[in-house]
Visitor: 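The structure follows.
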Amino acid sequence: MEETVKIPQKNIMGKIHSIETFGSVDGPGVRFVIFLQGCNMRCKYCHNPDTWKLEGAYKVKEQQWVRPEEKSADELLKQALRYKSYWGKEGGITVSGGEALLQIDFVLELFTKAKAMGIHTCLDTSANPYTTEEPFYSKWEALMKVCDLVMLDIKHIDAKAHKELTAQDNGNILQAAKDISDRGVCLWIRHVLVPGITTDAADLKRLREFIDTLKTVQRVEVLPYHTLGTFKWKELGIAYALEGVNPPSAEEVQLAREILGAK
Ligand code: SF4
């Protein structure tokens with residue numbers, strides 16, 4: 001008999017960065033996408049550095065930090081259900097960030113309640129907070145039971161290059177990928193393509209070899225680096241490390257897609 005997941009009743013408040021009611025690039029179909037505050041990665045190409053602080057949201061128009069908006073799972077699901085008729089067979093809700101796993105208690109409550117309503121759930125994550133230590137791991141195990149799809153960003157397959165690019169290790173992230181696969185949860189792997197940093201053919205082949213060890217990968221996506229978020233770095237007074245780096249050429253994108261077997 002399938003094990004039932006106990007629905008958390010804590011009414012945890014999620015710290016929200018923003019909401020996209022008709023998301024079309026964050027999972028299958030049309031989706032209600034919730035972007036959460038907080039991220040411990042420091043990706044040099046991040047286009048949302050205003051999500052980094054868990055306890056603060058930067059309002060670009062007002063040019064100031066404020067407390068992030070807080071919403072409960074019930075409030076968000078009530079809001080999301082208004083758009084259900086647009087979801088079709090594939091759509092549903094996606095939780096993204098920032099890094100959604102920094103608010104794992106909230107995501108667990110949200111997904112558990114969503115699954116009880118028959119809503120497709122997708123987690124967009126870099127898996128940076130993943131650990132097999134408690135108290136995280138029990139929550140992770142429960143979350144994976146109510147998660148239909150994980151979109152996992154693998155920033156770099158090489159440990160040293162990953163640390164240089166994101167200021168964080170990738171060992172636990174690759175471990176998370178295997179964990180998700182071993183549980184039979186569907187995976188989409190995403191890889192941001194930055195000229196001179198993540199375009200090396202040997203690294204891309206290593207990444208593909210790693211993906212081949214996973215059993216549940218449905219799709220691989222190459223996301224070309226863009227500079228649309230650089231103005232936020234300036235607004236926040238943070239030096240932008242990729243100044244002068246241009247988006248990849250069509251040939252670089254094509255080559256990466258071929259090596260990774262991507263869309
Ligand atoms: S994981 Fe995402 S939100 Fe966090 S720094 Fe990297 S790109 Fe930005």
Side-chain angles (χ1 to χ4, degrees), residues 1-39 47-48 50-51 54-55 57 59-61 66-127 129 138-153 180 183-188 190 216 218-219 221:
M1 198 172 76
E2 196 176 320
E3 196 183 339
T4 53
V5 176
K6 206 169 160 220
I7 297 180
Q9 297 294 342
K10 291 182 182 164
N11 226 22
I12 300 158
M13 302 303 281
K15 295 176 174 55
I16 313 294
H17 172 266
S18 53
I19 288 170
E20 166 78 67
T21 50
F22 284 97
S24 58
V25 293
D26 293 297
V30 174
R31 309 192 69 83
F32 186 85
V33 187
I34 302 153
F35 297 92
L36 297 183
Q37 279 296 141
C39 184
H47 55 265
N48 286 318
D50 50 325
T51 63
L54 183 60
E55 299 296 343
K59 295 290 169 199
V60 175
K61 268 190 196 161
V66 296
R67 280 182 65 82
E69 186 182 10
E70 295 193 352
K71 286 196 174 192
S72 69
D74 291 335
E75 284 175 291
L76 284 163
L77 287 169
K78 191 175 167 198
Q79 190 180 349
L81 284 173
R82 287 188 215 139
Y83 304 93
K84 196 178 179 195
S85 59
Y86 299 97
W87 294 349
K89 285 184 187 156
E90 292 195 310
I93 63 168
T94 294
V95 176
S96 182
E99 173 48 64
L101 288 175
L102 286 183
Q103 298 188 55
I104 191 168
D105 293 297
F106 168 73
V107 182
L108 176 57
E109 179 172 345
L110 178 71
F111 277 16
T112 305
K113 288 178 170 173
K115 283 315 299 169
M117 295 172 175
I119 299 173
H120 184 275
T121 54
C122 171
L123 173 69
D124 179 14
T125 179
S126 72
S138 301
K139 296 172 186 175
W140 166 264
E141 289 192 298
L143 180 63
M144 287 300 101
K145 287 178 185 152
V146 287
C147 184
D148 292 308
L149 170 67
V150 179
M151 293 199 301
L152 178 65
D153 294 340
I180 297 161
R183 290 174 193 279
V185 177
C186 296
L187 264 166
W188 287 12
R190 296 176 132 187
T216 56
Q218 293 181 328
R219 178 172 174 146
E221 290 185 334

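Since this is a predicted model, take the numbers as computed values, not measurements.
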Visitor: I'd like to check the side chain to side chain contact (heavy atoms under 4.5 Å, CB included) partners of Thr21; sequence neighbours left out, ordered by chain and number.
Guide: Ile19, Phe32, Tyr83
Visitor: Using a 4.5 Å cut-off on heavy atoms from C-beta on, say whether the side chain of Val146 contacts that of Lys113.
Guide: no
Visitor: Give a yes or no answer on whether the side chain of Arg190 reaches the backbone of Leu152 with a donor-acceptor pair at less than 3.5 Å.
Guide: no
Visitor: Between Gln103 (side chain only) and Gln37 (backbone N and O only), is there a donor and an acceptor less than 3.5 Å apart?
Guide: yes
Visitor: Under the ring pair (Phe, Tyr, Trp, His ring centres under 6.0 Å) definition, can you give me all pairs with a residue in residues 101-121, not counting sequence neighbours?
Guide: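 Those involving residues 101-121 do not exist here.
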Visitor: Residues in ring-ring contact (aromatic ring centres under 6.0 Å, His included) with Tyr86, at least two apart?
Guide: Phe22
Visitor: Report the residues that fulfil side chain to side chain contact (heavy atoms under 4.5 Å, CB included) with Ser18, sequence neighbours left out, ordered by chain and then residue number.
Guide: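 Counting only residues at least two positions away or on another chain, Ser18 forms a side chain to side chain contact (heavy atoms under 4.5 Å, CB included) with Phe35.
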Visitor: Would Lys145 and Glu141 pass as an ion pair if we require N to O under 4.0 Å?
Guide: no
Visitor: Return the set of residues passing salt bridge (charged side-chain N to carboxylate O under 4.0 Å, His left out) with Lys84 (not counting sequence neighbours), or none when no residue passes.
Guide: none
Visitor: Taking atom CG of Leu36 and atom NZ of Lys71, what is their separation to the nearest 0.5 Å?
Guide: 12.5 Å
Visitor: For Cys147 and Thr121, which heavy atoms make the closest approach, and how far apart are they?
Guide: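 Of all heavy-atom pairs spanning Cys147 and Thr121, the closest is CA-OG1, 3.4 Å.
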Visitor: Apply side chain to side chain contact (heavy atoms under 4.5 Å, CB included) to Glu70 and list each qualifying residue two or more places apart in sequence or on a separate chain.
Guide: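 Partners of Glu70 by the side chain to side chain contact (heavy atoms under 4.5 Å, CB included) criterion, ordered by chain and then number, come out as Met13, Lys15, Arg67.
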